[in-house]
There are 2 protein chains.
Amino acid sequence: MGFIFILNSGCSKNNSLLKESGTASNTSNPLPSWNETDHKKAIIKFVEKVTKEGSSDFVPVAERIATFDNDGTLWSEQPMYFQFIFTFDRIKAMAPEHPDWKNKQPFKAVLEGDIKTVMECDPALIDDLVMTVSADYTSDEYAKIVKDWIDTAKHPKTGKLYSEMVFQPMLELLAYLRSKGFKTYIVSGGSVDFMRPWAEKVYGIPPEQVIGTSFKMKFEIRNGKPVIVQIPEIFLKDDNAGKPIGIYQYIGRKPIASFGNSDGDLQMMQWTTGGSGLRFALFVHHTDAEREYAYDRNSPYGRFDKALDEANAKGWTVVDMKNDWKFVYPYEMKIGLK
Amino acid sequence: MGFIFILNSGCSKNNSLLKESGTASNTSNPLPSWNETDHKKAIIKFVEKVTKEGSSDFVPVAERIATFDNDGTLWSEQPMYFQFIFTFDRIKAMAPEHPDWKNKQPFKAVLEGDIKTVMECDPALIDDLVMTVSADYTSDEYAKIVKDWIDTAKHPKTGKLYSEMVFQPMLELLAYLRSKGFKTYIVSGGSVDFMRPWAEKVYGIPPEQVIGTSFKMKFEIRNGKPVIVQIPEIFLKDDNAGKPIGIYQYIGRKPIASFGNSDGDLQMMQWTTGGSGLRFALFVHHTDAEREYAYDRNSPYGRFDKALDEANAKGWTVVDMKNDWKFVYPYEMKIGLK
């Protein structure tokens, strides 16, 4: 069933109204890759309550906003954020035109494959790396670079395309919510220009519903053609408190449901659940070392520590990947794993 | 017919899917307040071409993005931008708590009703006034202030509510485009927080489709409740080149049709028409001194000079309000004017 959702997302570009109203959903069991645990039941109970006309918890369609973190929530984020892997690949590809990088940190460490040194840098320097690989490109040129990478680069552990390492249960959840009139948004610390070129095909989420870290831009006429060109300065840092701020700036409505997996999502959950009426907050807890990765409080990527404590204290839903998910990745279904 | 659209917008909050697919449109004559001129025909011809399946000009629903300037395009902007009138009203209301304003420009001039002096100030000082009246409020508090004003304040010339001074032909155009699968956006130099509280009711445009000048925000916990609070610094100046930049940052797709009325919309039109495939650019030319206002090249608000030249040179549609519009404001229809 999951693959049907994915294929639908990819093929139905001509019919986003249909996709938004979500006619592709399996109504008898909308979340087939979820085991029959309390967490699955909590999701369905919430959705049924807010969509039942006449119920005191009813929420009009226009206000059914659901926001999803990306890294670690919709796809994997180990051994490091996939955008970092992309960035390092780009630094290597661009190095011949930048001979000075050989002697300049953190470029030097990237070129030598010394990831440990890169990661011990000031985080602002890592932002600089991310911005360096996008600066000066027009938005169209950069989208093509991202698309070429996502279509070909392989994950070091699984050997799969990164777009194959999305979570099957979350694809089903996105489709289920859309089938119930929800508008699904990405709200990610990763950058908008890195996600938009493939988010519609992979998640069924159109560019205008992708919020993320973003950079300043300039408008100019190049070769007689108007273009938008990236400037290496942060416009919005869409992480931690930046997430509710991004939601306010871009959506202007409070979500009624939010989905994340790490401390970077905590303020988004506070903002979401701080509204009146029924609200839903769900964290994906990475507990499956065998099928994916197991990490939480001590991970440099997707640290889940303060948010785990607050989720437990407030009774938010914390999904246990190992026990709650029948499949992790779509390809497991195809090859009949589990 | 126009009033039906407005009432629909106001009452169909519970059914945005219906609204987006626009079933309320009058299909036999979708633009009843437009005279049967070439400009009306150009709009309909464009829409028919891009929505006809199999046609070489066909555009999938997901890519049918239409962007509208607000001031002077969807509602009037004389004797000055309505947000300025709101801002001056707020300065007056807030003055008792700020005794220093009596001796500080441009506050002093505002309090004395000396608009000429205010308008001769450095434009950055006027931005400061706009930011002063929104700073420190939570987003919810500020939305209420705006809503209270829009529900009660009256225009100095017509004595009407500002929300009654929207253009009937443009309301019909918004509804017509939505009925054809377009997603309609506001892209305004006015501020997002000033438009969102009423744009859905008045234009049928939900908060997440309102792009405008915006301010930096901070997230904090006030009295145990998470809030978003305005900081008096510009986040996005959504005018001139800021319009295509705002469109890129918020939508991430190029519009296929854009609607404006002044030089501030020129870059948005260049960006829109710079894409491949059939594109449409329309300017509203204020030529009706009797029913509205007549101004263009020399107006301090909505100056239409360079953009008028470029529109003429490139063959973009320039609507002549006096000749092309049967009615200007919705209330004219009600009282049977013309």
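Lettering of chains follows the sequences in order, A, B, ..., and the numbering in each one begins at 1.
There is no contact between K243(A) and chain B, counting heavy-atom distances below 4.5 Å. If you measure heavy-atom distances from I221(B) to chain A, the contacts under 4.5 Å come from the side chain alone.
Here the CD1-CD1 distance, from I231(B) to I245(A), works out to 7.0 Å after rounding to the nearest 0.5 Å. Atoms CE and CD1, from M217(B) and I247(A) in turn, are 13.0 Å apart once rounded to the nearest 0.5 Å. The CG atom of L236(B) lies 5.0 Å from the CZ atom of F235(A); values are rounded to the nearest 0.5 Å.
Atom NZ of K314(A) has more than 12 neighbouring heavy atoms from other residues, nucleotides or ligands inside a 6.0 Å radius.
When atom types are taken as modelled, the side chain of Q209(A) and the backbone of I251(B) share no donor-acceptor pair closer than 3.5 angstrom. Using a distance-only test at 3.5 Å, with no hydrogens or angles considered, a donor-acceptor pair links the side chain of Q249(A) to the main chain of F215(B).
Using a 4.5 Å cut-off on side-chain heavy atoms (C-beta onward), E200(A) and R253(B) make contact. The shortest side-chain heavy-atom distance between E208(A) and E208(B) does not fall under the 4.5 Å cut-off.
In this structure, R196(A) forms a cation-pi arrangement with Y248(B), its terminal cationic atom sitting closer than 6.0 Å to the ring centre and no more than 45° off the ring axis.
Classified by interplanar angle (parallel below 30°, tilted 30° to 60°, perpendicular above 60°), the ring pair F219(A)/W271(B) is perpendicular.
The heavy-atom pair separating G252(A) from P207(B) by the smallest distance is O-CB, 4.0 Å. Closest approach of G274(B) to P226(A), counting heavy atoms only: CA-CG, 4.1 Å.
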